[in-house]
Amino acid sequence: MGQSISVRDLEAWYGSNKTLKGIHMDIALNNVTAIIGPSGCGKSTFVRCINRMHETMPGTKVKGEIILDGVSIYDQDPVALRKRVGMVFQKPNPFPSMSIYDNVVAGVKLNGMTQKHKLQAIAEKSLRMAALWDEVKDRLNYSGMSLSGGQQQRLCIARALAVEPSVLLMDEPASALDPIATMHIEELIRQLKADYTILIVTHNMQQAARIADSTAFFLNGELVEHGPTSDIFTNPSDKRTEDYISGRFG
Amino acid sequence: MSKKIKYKTSFGDQLMWILTLLMAISVLVLMVWMGWQMYHSARPSIQRFGFSFIIGRVWDPVKEQFGALPFIYGTIVTSLIALLLAAPIGLSVAIFLNEMALSKVRTVIGFLVEMLAAIPSVVYGLWGIFVLAPWLRETVEPGLAKWLGFIPFFKGSPVGFGMLAGGLILAIMILPTIAAISREVMAAVPNMQREAALALGATKWEMIRLAVLPYAKSGIMGGVMLGLGRALGETMAVTMVIGNRPDILLSLFAPAYSMAAVIANEFTEATYDLYLSALVEIGLILFGITLILNVFARLLIWSVAKGPKGGSLV
């Protein structure tokens, strides 16, 4: 089951550069929310705040409040938080020294799970959810690096799902992939939203239109507009949103 | 019919190709030549003693009796002590500097650690004579004998000058090599590997274990091997603290001798040809051990770098 997220007055800095300037946003549970906007608008920083990954970089700062399922994430241990809020990155980043199987269960093992049959069951379930099982079931002991880029990204999704988070953050998960691999990932996202609250950053507006229930448009560190995807794309209420989606800038 | 394609190369490139090739070959030639020369000079000793030179325990130039085992033993034991101490410490230093320390601390401590490598070995030796050995004799060795005396390595009367002192000096000397190389390979681990681990809910240590160390493993091993190579060949500092007595004793407190030390100490005193030849043979054995060790290390690093099927780290 997914969890809802409320963001209040969120400000974030990289050094002296303020990348988020007071974001107010409510993210519905079991929904796909797309974050769109031009480069440097703060959309990546925004999702990286939600699992407190932003703070791990030196010289960063955060202010404001993010409430996940009724509790402020800043009152929680970031390590525990990240087990509930999974993340998939722009470039596939499987652990190169590990096999496909070990990659999938890496996070589960961190939680102290050691029983082999349970781990195997989790690996299969996660790989099936990531629509990768059929392609790798005969070579689970091969290196994760032996897979294609699209397969590697689905492996990373499986790795994130194996921990059973309730929220899944995806930072341009398909931007390094070819159209067919992108299609696989989008299909996957559509299936996953039954169980997860998904937040996806994308620079591809068609992608947002295809998969997202609601879409948020960021510009210069501010949330310009957030609403049902169909409204954003057909009837935006802000002039800047209209300019961006109609390709006048960005 | 296929036509052979000719690639035109500029004269400058051809010249550079020849020059660099010559340089590369010269290194090889030098090494083979050195090995052969040493073999040639060591031949009288090799013919006289054969294999018993390596397993012989008596080194008595007066009676023309030469066995190298005490030196081989001393070199290997001191190098192992150095490795056992310096590898975990060097790796910890690298982990701290790379993953934990603030950037200012990192710069200062990193610089100081690398400074350790710049100190001449004779200075280490002096420090060993005047500080390390007395400290070992009066504090460390009696303590070890008291608490760990049931282990044969820590039995015996505290001398100060011995294999423990030699190993400790070597550990300090190879520490910067191991730390600096480990640090460099760990700095080369892509940040997205760290983030992958953190995003799964890894703690800092789990992140290091999951993402940093496996990625940097082969490089770290390379650094350790480089350190070991230095320890095996180090002469001055060891000779000043090891006690220079060709004995094979289990106790690490006992004076011993190393291959490099005996060559340096006795070379000028080698009054007859067989004596000189025996010393050169020790050099040849040291040369051989280092060579074998490096080949072995390379193989080990390759096998580690290969990782699971179908993948490669390097």
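Below, chain A is the first sequence line, B the second, and so on; all start at residue 1.
No hydrogens or angles considered: a donor-acceptor pair under 3.5 Å links the side chains of A:S72 and A:E65. Under 3.5 Å, the side chains of A:R52 and A:Q76 contain no donor-acceptor pair of N or O atoms.
Most heavy-atom pairs under 4.5 Å with chain A: of the set B:T203, B:L102, B:L198, this distinction falls to B:L198. With chain B as partner, the option from A:V163, A:N51, A:N141 having the largest number of non-hydrogen pairs under 4.5 angstrom is A:N141. By number of non-hydrogen pairs under 4.5 angstrom with chain B, the leading residue of A:R159, A:M87, A:K91 is A:R159. Counting heavy-atom pairs closer than 4.5 Å to chain A, the top-ranked of the candidates B:A199, B:S103, B:A202 is B:A199.
Here A:E11 pairs with A:K18 in a salt bridge; the nearest charged N to carboxylate O distance falls below 4.0 Å.
Neither the backbone nor the side chain of A:P58 comes within contact range of chain B; no heavy atoms are under 4.5 Å apart. For A:M57, the part lying near chain B is the side chain, with the backbone staying farther off; criterion is any non-hydrogen pair under 4.5 Å. Looking at B:R194, neither its backbone nor its side chain comes within 4.5 Å of chain A, counting heavy atoms on both sides. At a 4.5 Å heavy-atom cutoff, the contact between A:F89 and chain B is made by side-chain atoms alone. Neither the backbone nor the side chain of A:V88 comes within less than 4.5 Å of any heavy atom of chain B. In this structure, the portion of A:T56 lying under 4.5 Å from any heavy atom of chain B is its side chain and not its backbone.
Between A:Y196 and A:L161 there is a side-chain heavy-atom pair separated by less than 4.5 Å. You'll find the side chain of B:M31 reaches within 4.5 Å of the side chain of B:L291, heavy atoms only. The closest side-chain heavy-atom distance from A:V79 to A:K83 is below 4.5 Å.
The 12-atom threshold is exceeded at OH of A:Y14, counting heavy atoms of other residues, nucleotides or ligands nearer than 6.0 Å.
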